[in-house]
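Structure record follows, encoded as structure tokens.
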Amino acid sequence: MKILVCISHVPDTTSKINFVENDTQFDTQGVQFIINPNDEFGLTRAMWFKEKSGASVDVINVGGPETEATLRKALAIGADNAIRVNTAARDAQQVAKEIVTVMQQNSYDLVIAGRESIDYNGGMVPGMIAALKGMNYLNNCIGLEIEGSQATAIREMDGGKETVTTPLPLVIGAQKGLVEESDLRIPNMRGIMMARKKPLTVVEPTQEGQQVQTISFEKPAPKGAVKLVDPENIDELISLLHNEAKVI
Amino acid sequence: MSVLIYAESENGQLKKIALELASFGKAIADQLNTNLVAVTINCENNDLLGNYGVNEVLAASQQGDFNAQQYAATLSEAAKSIGAHTIAVSSSADSRFLAPLVAVTLDAGYVTNVVGAPISSNPFQVKRSVFTNKAFSVCEIATEVKMVGLSKNAFGVHENQTTATITNFSPASAASDMKVTALDKATDTVTIADAEIVVSGGRGLKGPENWHLIEDLADTLGAATACSKPVSDMGWRPHSEHVGQTGKPVASNLYIAIGVSGAIQHLAGINSSKVKVVINNDPEAPFFKAADYGVVGDAFEVVPKMIEKLKSFQAENA
Ligand SMILES: Cc1cc2nc3c(=O)[nH]c(=O)nc-3n(C[C@H](O)[C@H](O)[C@H](O)COP(=O)(O)OP(=O)(O)OC[C@H]3O[C@@H](n4cnc5c(N)ncnc54)[C@H](O)[C@@H]3O)c2cc1C
């Protein structure tokens, strides 16, 4: 089985979010970049298939050279090959199309992307890959088993979950629950050493044009101070919620 | 040229997010000087959409369970049949599932997490939240067909009386070899996605045996229950209750956090809730900087009191 895991290179969850160049660019100064957490859940599940059934695992990122450290981390966790499409990510369809172009060269049985990236929160890339390739797709995936060419996957939906069976090839949008937090792997020294020798192939982009353009960024308006209520006077809290906030 | 929305229903009845989406769609249609069309699937109260500005309902019926491929095909076909140039969907799990498939079929530029009516219709610019609610961006969609996904609770439900013509819509049947083999959906509890009020517990509650406090408060308010990440990681509560940057987003009217410190990753996910209340015994807890109302106190004393006071408040106001 061949698995492709899409890796988004995102600011660490504690990063200060600031913008530069007249609020048109994200300020990367002092920001640590990580594997998008939803992608990491997917990558960890892919490692499980590698160890259990000898699957091969490729990782891919559409981005500039600065994303290679993140791809190397995925290799250190245990992926076999990394591919970087050498272009800035402009919008979701462009990213999906670049990934699909790479997929033409290799036929993958399973493509895993995160449910969404934690920077732009688009949540579109896995579905678009599936639609462009005519593959089956399941998002919010919290369980995945594969038997031969048949997959059984669990999708979380609003207020519940459903179990779906589907033939491969399949694209999933991964999230927490697909593996447990405690299953996540911190690369060890050996993994890091090996990752240096693993192939990281750079391919040139094929897509032109842009459907959606970010014009500018802004930060939310500063919030007013909290109104503190005495724990001995919970009636006041209820009255504030009823009369002032009008939420109960 | 019409604006098209996908108005979701559950058990035949329109969901509240469908009415919010209709209100949003009406604002776009007004900006573009065109009419508003809704697609519904297996919906029995289509008339209601007329109260929120929908001029025409294309009412489809589909056999079997929700299937994103089939529902996406229906929506795409409807968009083509009326020549829709703007398509709006909600942020429900189902809509977020099917929308990328529609965007590819229609070659539409698609923007999710939109927080209000378009800033301008030509060029078509919308504001969306990014960095998990830590910032916003203004995006321009350049394609002829445009798609937007509305963030929950970002626009509100607004009445706009019209009469909707209801037409049966029979899309060509789309094949799918994905089959639902088990469905596990709570029917008696309020879900985080649909809740007006969410009551959330953190590590400050000390253990799962104390969760009756959260549940009782939630029951009293008709609220959904949620928790912080470590609480679900330790197995005190199911993963489906984990809210925050790596869990579920919350966009309720009222969010009550009990024994939650207010880490940046937690706050990111719940920030779009309208009113935030924190109960925490540490006055230095970061949550107090993000909250509208706060009680510095012991959850084990404050919460039972709050339940009692709420019950008498409800009895008086009943
Ligand atoms: C990559 C990454 C992603 C993350 N994503 C998320 C996420 O999506 N969601 C999330 O929630 N976290 C997330 N976290 C974890 C986050 O950083 C915090 O660790 C977590 O939110 C803390 O949970 P907590 O508030 O329940 O616990 P704590 O931080 O331990 O806070 C417990 C609070 O309870 C208070 N308390 C104690 N006893 C009482 C009492 N008797 N009465 C009242 N108050 C009391 C304490 O004062 C304290 O403020 C993430 C972390 C990382 C690194």
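Atom set for the values below is all heavy atoms of this structure, side chains included, hydrogens, waters and symmetry mates excluded. Residue numbering restarts at 1 for every chain, and letters A, B, ... go by the order of the sequence lines.
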Legend entry - Residues which pass side-chain contact (heavy atoms from CB on, under 4.5 Å) with B/Ala174, listed by chain and number, not counting sequence neighbours: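 Applying side-chain contact (heavy atoms from CB on, under 4.5 Å) to B/Ala174 gives B/Gln70, B/Ala73.
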
Inset, instruction - Classify the ring geometry between B/Phe131 and A/Phe217 as parallel (under 30°), tilted (30 to 60°) or perpendicular (over 60°). - result: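 Judged by the thresholds at 30° and 60°, the geometry between B/Phe131 and A/Phe217 is tilted.
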
Is chain A contacted by the side chain of [X], its backbone, both, or neither, given a heavy-atom distance below 4.5 Å?
| X | result |
| --- | --- |
| B/Ala268 | neither |
| B/Val295 | both |
| B/Asn113 | side chain |
| B/Lys289 | backbone |

Legend entry - Side-chain donor/acceptor of A/Asp158 to backbone N/O of B/Ser92, under 3.5 Å: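 It does not hold such a pair.
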
Inset, instruction - Answer yes or no: is there a donor N or O on one side and an acceptor on the other, between the side chain of A/Lys176 and the main chain of B/Ser240, under 3.5 Å? - result: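 Pair absent, no side-chain N/O of A/Lys176 close to backbone of B/Ser240.
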
Inset, instruction - Could you walk me through whether B/Tyr293 and A/Glu244 pass side chain to side chain contact (heavy atoms under 4.5 Å, CB included), step by step? - result: CA-CA 11 Å; B/Tyr293 302 101; A/Glu244 188 177 85; 2.4 Å; yes

Inset, instruction - For the pair A/Glu162 and B/Lys185, find out whether any cationic side-chain nitrogen is under 4.0 Å from an anionic carboxylate oxygen. - result: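 No salt bridge links A/Glu162 with B/Lys185.
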
Legend entry - Pair B/Asp94 + A/Arg155, salt bridge at N-O below 4.0 Å: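 Yes.
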
Inset, instruction - State, yes or no, whether a side-chain contact exists between B/Leu254 and A/Ile248 at a heavy-atom distance under 4.5 Å. - result: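 Answer yes - side chains close enough.
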
Inset, instruction - Would you indicate whether the side-chain heavy atoms of A/Thr214 and B/Glu140 approach each other to under 4.5 Å? - result: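 B/Glu140 vs A/Thr214: side chains apart.
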
Legend entry - Modelled atom types, side-chain donor and acceptor of A/Ser15 and B/Lys134, under 3.5 Å: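 No donor-acceptor contact under 3.5 Å links the two side chains.
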
Inset, instruction - Give, as side chain, backbone, both or neither, the part of A/Phe26 having an atom under 4.5 angstrom from any heavy atom of chain B. - result: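 For A/Phe26, side-chain heavy atoms alone lie under 4.5 Å from chain B.
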
Inset, instruction - Let me know if A/Pro126 has heavy atoms under 4.5 Å from chain B in its side chain, its backbone, both or neither. - result: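 Looking at A/Pro126, nothing touches chain B.
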
Inset, instruction - Find the one option among B/Gly294, B/Pro283, B/Ser137 whose heavy-atom pairs under 4.5 Å with chain A are most numerous. - result: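 Sorted descending by pairs with chain A, the first entry is B/Gly294.
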
Inset, instruction - Give the intermediate values and the outcome of side chain to side chain contact (heavy atoms under 4.5 Å, CB included) for residues B/Val296 and A/Leu228. - result: CA-CA 8 Å; B/Val296 179; A/Leu228 288 181; 4.3 Å; yes

Legend entry - Choice from A/Asp119, A/Asn36, A/Asp230, A/Ile234 maximising heavy atom contacts with chain B below 4.5 Å: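 Among A/Asp119, A/Asn36, A/Asp230, A/Ile234, the one with the most close pairs to chain B is A/Asp119.
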
Show me the donor-acceptor pairs within less than 3.5 Å that the side chains of residues 98-112 of chain B make with the rest of the protein, sequence neighbours left out.
unit_1	atom_1	unit_2	atom_2	d
B/Thr105	OG1	B/Leu101	O	2.9
B/Asp107	OD1	A/Gln211	NE2	3.1
B/Thr112	OG1	A/Gly122	O	3.1
B/Thr112	OG1	B/Arg128	NH2	3.1

Inset, instruction - Please step through side chain to side chain contact (heavy atoms under 4.5 Å, CB included) for the pair B/Asn317 and A/His242, ending with a clear verdict. - result: CA-CA 11 Å; B/Asn317 289 269; A/His242 180 63; 4.3 Å; yes

